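What follows is a single structure, written as structure tokens, with notes after it.
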Amino acid sequence: MSWQTYVDEHLMCDIDGTGQHLSSAAILGLDGTVWAQSAKFPQFKPEEMKAIINEFNEAGQLAPTGLFLAGAKYMVIQGEPGAVIRGKKGAGGICIKKTGQAMVFGLYDEPVAPGQCNMVVERLGDYLVDQGIRDRTGQDGTEQDMTGQNRCSAFGKTL
């Protein structure tokens, strides 16, 4: 399965059969390179990605200043140090889950609830961690074919 398929089918999916979807999503390497993204994922600045990566390495850095993505400021709220960053901006927000070598991003607006976004992003991130998926390329530099099945009730689909 390609990284773009993970974004298209498992992050931008119909959430719990409600007809609701994240507004945008992406999977990025821990160096900030884009592995796959939805059409509306915002164009971020390198310094914004560096700040997000630093937050995973040393939690608490973004709380005083906020998390910025494409110039939009999100108030950093609860998360899991070194594993999950959550932010809120008006009626929307962001959830970022760190895996071995990647970050899974989900952005949402009403009517999607924060918990729905968190569930979609974190379950995919947990699945990738459980599968031992650590990098987007194989030893020969080609994109990995990701295998394995995991039933994810959040999506109603098999990962």
Side-chain angles (χ1 to χ4, degrees), residues 1-46 48-53 55-57 67-70 72 74 79-80 82-89 91-159:
M1 184 180 301
S2 74
W3 292 111
Q4 191 62 50
T5 301
Y6 280 113
V7 170
D8 296 341
E9 296 182 7
H10 301 291
L11 291 174
M12 297 303 295
C13 64
D14 179 344
I15 301 171
D16 289 332
T18 62
Q20 299 171 1
H21 304 269
L22 297 179
S23 54
S24 64
I27 301 174
L28 281 73
L30 292 181
D31 60 357
T33 58
V34 177
W35 293 4
Q37 64 184 4
S38 64
K40 294 183 180 179
F41 190 74
Q43 185 67 34
F44 58 85
K45 299 173 187 165
E48 294 171 334
M49 197 53 52
K50 183 178 178 187
I52 291 168
I53 293 165
E55 177 69 16
F56 280 119
N57 295 331
L67 181 155
F68 288 86
L69 190 65
Y74 295 84
E80 298 171 30
V84 179
I85 300 170
R86 298 184 189 106
K88 187 86 172 117
K89 178 181 177 285
I94 187 169
C95 179
I96 310 166
K97 168 72 176 179
K98 180 180 178 236
T99 70
Q101 293 294 320
M103 297 175 287
V104 180
F105 282 70
L107 284 79
Y108 68 93
D109 288 306
E110 282 186 336
V112 174
Q116 290 174 304
C117 177
N118 298 345
M119 178 181 59
V120 169
V121 170
E122 293 174 39
R123 284 197 181 174
L124 178 59
D126 289 343
Y127 168 79
L128 295 175
V129 169
D130 290 346
Q131 295 301 307
I133 297 171
R134 298 189 49 83
D135 202 342
R136 71 177 171 159
T137 56
Q139 292 179 359
D140 61 358
T142 59
E143 191 166 288
Q144 291 278 18
D145 177 45
M146 303 305 159
T147 59
Q149 300 241 329
N150 181 28
R151 194 75 177 146
C152 185
S153 60
F155 310 140
K157 297 180 180 180
T158 300
L159 288 178

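Remember, predicted model here, so these are calculated numbers, not experimental data.
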Q: Check for a donor-acceptor pair, side chain of Q37 on one end and backbone N or O of A25 on the other, with a separation under 3.5 Å.
A: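 Flag not set: sc Q37 to bb A25 has no pair under 3.5 Å.
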
**Q.** Flag, side chain of S23 to backbone of L107, donor-acceptor distance under 3.5 Å
**A.**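 Yes, the answer is positive, given that a donor and an acceptor are paired below the 3.5 Å cut-off.
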
Q. Can you name the closest pair of heavy atoms from L30 and I53 and give their distance?
A. O-CD1, 2.9 Å

Q | Nearest atoms (heavy-atom pairs only) where K89 meets A72 | A |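 For K89 versus A72, the nearest heavy atoms are CE-CB, 3.7 Å.
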
From [X] [atom1] over to [Y] [atom2], what is the distance, rounded to the nearest 0.5 angstrom?
{"X": "L11", "Y": "T5", "atom1": "CG", "atom2": "OG1", "answer": "11.5 Å"}
{"X": "I94", "Y": "F68", "atom1": "CD1", "atom2": "CZ", "answer": "12.5 Å"}
{"X": "F44", "Y": "K50", "atom1": "CZ", "atom2": "NZ", "answer": "14.5 Å"}
{"X": "I85", "Y": "L67", "atom1": "CD1", "atom2": "CG", "answer": "6.0 Å"}
{"X": "D130", "Y": "T99", "atom1": "CG", "atom2": "OG1", "answer": "11.0 Å"}
{"X": "F105", "Y": "C95", "atom1": "CZ", "atom2": "SG", "answer": "10.0 Å"}

Q: Among C117, C13, S38, find the one that has a side-chain contact (heavy atoms from CB on, under 4.5 Å) with L22.
A: C117

Taking the side chain as every heavy atom from C-beta outward, state whether [X] and [Y] have any pair of such atoms under 4.5 Å apart.
{"X": "L128", "Y": "Y6", "answer": "yes"}
{"X": "M103", "Y": "F56", "answer": "yes"}
{"X": "H21", "Y": "D14", "answer": "yes"}

**Q.** Selection residues 30-46 - residue pairs positive for salt bridge (Lys or Arg N to Asp or Glu O under 4.0 Å), sequence neighbours left out
**A.** none

Q.
Surrounding NZ of K88 (heavy atoms of other residues, nucleotides or ligands, distance under 6.0 Å), is the total greater than 12?
A. yes

Q) What residues, two or more places apart in sequence or in another chain, satisfy side chain to side chain contact (heavy atoms under 4.5 Å, CB included) together with A83? A) E80, K97

Q) Residues two or more places apart in sequence or in another chain: which of them pass salt bridge (charged side-chain N to carboxylate O under 4.0 Å, His left out) with E55? A) none

Q.
Parallel, tilted or perpendicular, judged at 30° and 60°: which one describes the rings of W35 and W3?
A.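 Rings of W35 and W3: tilted, as their planes differ by 30° to 60°.
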
